[in-house]
Structure formats: structure tokens, C-alpha cells
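Down below is the structure, laid out as C-alpha cells.
Numbered from 1 within each chain, the chains take letters A, B, ... in sequence-line order. Model, not experiment: these values are computed from the prediction.
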There are 2 protein chains.
Amino acid sequence: MALTDVPEIVVRRLPLYLRALTALAESNHLVTSSQELAARLGISSAQIRKDLSYFGEFGKQGMGYEVPYLRDQLRRILQADRHWSMVLVGAGDLGHAIVNYASFKRWDYEIVAIFDNDPAKIGRKLGGLTIRPADELESAVRELGVQIGIIAVPAAQAQAVAERLIRGGVRAILNYAPVSLNLPSDVRVHSIDPVVGLQSMTYYLNPSS
Amino acid sequence: MALTDVPEIVVRRLPLYLRALTALAESNHLVTSSQELAARLGISSAQIRKDLSYFGEFGKQGMGYEVPYLRDQLRRILQADRHWSMVLVGAGDLGHAIVNYASFKRWDYEIVAIFDNDPAKIGRKLGGLTIRPADELESAVRELGVQIGIIAVPAAQAQAVAERLIRGGVRAILNYAPVSLNLPSDVRVHSIDPVVGLQSMTYYLNPSS
DNA sequence: GCGTGTGAAACAATTCACAGCG
DNA sequence: CGCTGTGAATTGTTTCACACGC
């Protein structure tokens, strides 16, 4: 099975499986099944089995899956078993929160450079790094060989920042700016906008209160 | 057209349309088209037209859409044209960042109570509110009549917190804890886990660097 | 017997393509 | 003519259901 034709929607579910398996392993749960994972994740067991089958045969018939083994396989598939360097653009409140976000450290994602275009911030320290001027962006990203960029700038600047990150060699962007980025299809984007999440939920809420 | 059979995936796109229309309106762009929105959002124009057609006929043939009108219609549909109260559980680093997140204010989402189970934090102030003990959760949520809860506690506690929020009357949860919540299907959940986003992107990245 | 892996069937979402109207 | 709104066609995703092996 050619891995190029794995549907993206399947890839987006794998981290959820990995997260559940990691939690199971931490509570010394050595064996699981597609049904148990399904119950935890709110996904059907058939879907979990089909998703995993794109990548190999990880279970034993009649037995289920060995938790540490399947976890390690998913970590390998997702390249979550190694260190990743990232650059952060935007040293405002959001940038501060991102630098201090504990889960990144826990999963071996490391911010190795921070950029801002505010002269008052350039030269200051943040999370052990000196904030660098935004005009060094392309060259610094290229020198560092970083593939992941995090955008935490105002919406109006996000598209331009994304394009400069890409020119520096970035291939994946975690976008916290509340705007849709328009980028080449070979660049991955994951956007986080809590307001978008809230608005799609309030659609279903009661008009009262 | 019964609004109950609007696919959820359509509802999840509406906030993106609203966001784009709000930006267009702010730059005094008075008219737009499904093609222009499509180019901005990276979605096909046919999909935008079909999505909007679930809710009414908002455009003029040969002309396109009036930006302020369509924006207001979407705000009404999503109930984004009114104030929403929310409660926050978890007053750690993440909770602090959430309280100070400017976009909530801009869109009229207000945090009206904050809870934590750490005695060292209870009684302290955060964003003008006094941090309350977690055991007041259900009763306080019920008294306040709040429909939206934000979870910013460690993964191990998130499921229990969610259940307590729901017992207090919450019907929508913005979940920042890195765990899949298992809740009644009439409760809406939107989860934000940057690591999940990163892992689904690193799948596609180059093994080098 | 139990639970995986998987073709086939069912269902859902997207795109096509064009009538219709300003 | 230009662009919306929408059935029909296409494409994509999920579920079904069962052979297979532990």
C-alpha cells in the first residue's frame, strides 16, 4: 500500500490514537482493542481498525493490540519519536503563552528562535531566547534548517509572515492568527482559533441565558 | 429547509466565512462573490454557495453578496451577534493566557467565573475575578446560567470536570486539556491541542533536519 | 470464541454544470 | 453577461459483515 494515498483525514486521527495509547501505557494498561479505543475516543471500532490498516497489521486476531507496541508504531509513523525544532513569530501575550506551553517540551518540540517586529521587544529575553528582528526571519530559518513555524502575530500580518517562513524553508505552520492562510499545497497548515470553535458551538446553543 | 439537517461540517465552516467577511467589511469592501471568498479561504466557490444555501438566499444573481448583509446574517445564524458568558476551570499558565486572550473580548465572550482546586490559588484574583474552589463548580454554573465552559486543567482531571460542568447546565465545552472527552451527544465539544496539530503535520515532513 | 483486517455496501460530502435572474 | 442557487454526478468516508487466525 503506497503511503501517499493515505487520506489526510486518517492522518489527522492518528495523533488521537497516539494520545490515548500513551495514556493507557502510563497507567500500565498493556493490551487494548479497537473497541476499547473506540469507547475512549468516541470513534467507531471499525474506523480505528481501517485507519490502522493503512499502515500495517499491528494487532493479533482474538487478542487486540499490545499498547506499547502500537504506541511506538504510531510515534514512528507520525515522526513523533524525535526532536523537532520550531521558530516562533510574534512575542506578544500569545507568544509568551506558547513559549511556556509545557506540552511542547513533553513531546520534544523546541522553539529555537523568536522573532518580532516591535523595536521595544527586540533584544529582550523570552524563554531563554533573545527576541530577534523580523527582518532576519528568512535567513535565520534557512540557517537553522527549521521545518516548523508558529505564527502568533495579528491577523493582518499573518499571511506575509507565513510567506516569509516558507521562503526560509518552513514546510509546516501552526497558525494562531485568526485568518485563513493561502499557501502552496505542499505546505501544511494547522490553525488554532478558539473563536471559530466557539462560534460553531453557539450555533447549537439555546438562544436564552 | 429544516435547520436540523444542516451537516455539522457546514456549521464548522460558517465561522470561517464570517471571519473573512468581517475582514472584508473592515477594509470597506462592500461587495464580494463566492469566487473571491473561495480564493481567500482555499475552499471551492461551489461549496461556499451550497453551504450558504442551507440557510437562505443571500446573494444577487450576477452581482454577488453584499458584505455587511451577509456578515450580519452569519452572525445571526451562529448567534455571534450577542454576548456569551463562560466559566473557566483551571487557573494555571494556560488559564491565565485564556483569561487575557483579547479575541474573546472582541467577540463578546466573557469569562464570568474561574475555578481551581489548588488551595494556594483559591481566593486570588485573575482578570478581575476571584478564583473559586472547584467544589462550587456545579452550583455556581447553575446559578450563573452559563452554557459554555472552558477546561484548562491537566488531562487526568478533564473528564471529571467536563461531567461536573454538564451537571451544572453547560452545553458547550472548549477543551484545552490533551484528552478526548466522552460526553453526551447533545453537548458540543471543541478541543484545542496544538500537539495533535503538530503531529498530523510532521507526518508529511522530511525526516531530515 | 474473540477481535483483527478488509472487501463490499451504504452513506456523506464535494464538485459539476447549467437554468435562471438581475 | 456574470454570478447565484441547486439538482445530478462524482468523489470520498464510514459502516457493515465476515473470513481468518490466535
Side-chain angles (χ1 to χ4, degrees), chain A residues 1-17 20-21 24 29-71 73-74 77 180 185 200 203, chain B residues 1-17 20-21 24 29-71 73-74 77 180 185 200 203:
Chain A
M1 165 133 354
L3 257 56
T4 51
D5 61 3
V6 176
E8 196 178 314
I9 195 164
V10 171
V11 174
R12 285 208 306 264
R13 280 192 293 263
L14 298 184
L16 305 178
Y17 304 162
L21 287 159
L24 285 170
H29 207 311
L30 293 178
V31 174
T32 190
S33 66
S34 61
Q35 285 178 60
E36 185 178 39
L37 288 169
R40 285 192 165 233
L41 294 168
I43 292 176
S44 80
S45 62
Q47 180 155 86
I48 292 171
R49 293 199 301 279
K50 179 143 278 200
D51 285 355
L52 295 175
S53 77
Y54 279 101
F55 303 96
E57 306 192 0
F58 303 117
K60 291 180 190 163
Q61 284 167 331
M63 295 293 162
Y65 303 91
E66 284 182 35
V67 169
Y69 175 71
L70 183 55
R71 177 201 59 194
Q73 291 300 309
L74 286 171
I77 292 163
S180 297
S185 59
S200 64
Y203 171 84
Chain B
M1 166 134 353
L3 259 54
T4 50
D5 61 3
V6 177
E8 197 178 312
I9 195 166
V10 171
V11 174
R12 284 208 306 265
R13 279 192 294 263
L14 297 184
L16 304 178
Y17 304 162
L21 287 160
L24 284 170
H29 207 311
L30 294 178
V31 174
T32 190
S33 66
S34 60
Q35 284 178 61
E36 185 178 39
L37 288 169
R40 283 191 166 235
L41 294 168
I43 291 176
S44 79
S45 61
Q47 180 154 87
I48 291 172
R49 292 198 303 277
K50 179 145 278 199
D51 285 354
L52 295 175
S53 77
Y54 279 101
F55 303 96
E57 306 191 359
F58 303 118
K60 290 179 189 162
Q61 284 166 330
M63 294 293 161
Y65 303 91
E66 283 182 35
V67 169
Y69 176 70
L70 184 54
R71 176 200 60 194
Q73 291 300 310
L74 285 171
I77 292 163
S180 297
S185 59
S200 64
Y203 171 84

_Walk me through whether B:L30 and B:L24 qualify under side chain to side chain contact (heavy atoms under 4.5 Å, CB included)._
CA-CA 8 Å; B:L30 294 178; B:L24 284 170; over 6 Å; no
*Sugar-phosphate means primed atoms, P, OP1 and OP2; the rest is base. With that split, encode nucleotides 14-22 of chain C 5' to 3' as B, S or - using protein heavy atoms under 4.0 Å.*
SB-B--BBS
*Could A:E66 and A:R71 be called an ion pair, given the rule that one side-chain N must be under 4.0 Å from one carboxylate O?*
no
_Outermost nucleotides of DNA chain D that come under 4.0 Å of a non-hydrogen atom of chain A_ = D:dT13 to D:dC22
_Taking any heavy-atom pair under 4.0 Å as a contact, classify B:S45: base, sugar-phosphate, or nothing._
nothing
Can you tell me how far [atom2] of [N] sits from [atom1] of [X], to the nearest Å?
| X | N | atom1 | atom2 | value |
| --- | --- | --- | --- | --- |
| B:I48 | C:dA13 | CD1 | P | 17 Å |
| A:E57 | C:dT6 | CD | C1' | 10 Å |
| A:L37 | C:dG3 | CG | C1' | 13 Å |

For residues [X] and [Y], determine if any side-chain heavy atom of one lies less than 4.5 Å from a side-chain heavy atom of the other.
| X | Y | result |
| --- | --- | --- |
| A:Y65 | A:L21 | no |
| B:L70 | B:Y17 | no |
| B:M63 | B:V31 | no |

*Residues in side-chain hydrogen bond (donor to acceptor under 3.5 Å, both in side chains) with A:Q73, at least two apart?*
A:R76
*side chain to side chain contact (heavy atoms under 4.5 Å, CB included) assessment of B:V11 paired with B:Y54*: CA-CA 10 Å; B:V11 174; B:Y54 279 101; over 6 Å; no
_Any donor-acceptor N or O pair under 3.5 Å, side chains B:R12, A:S200_ = no
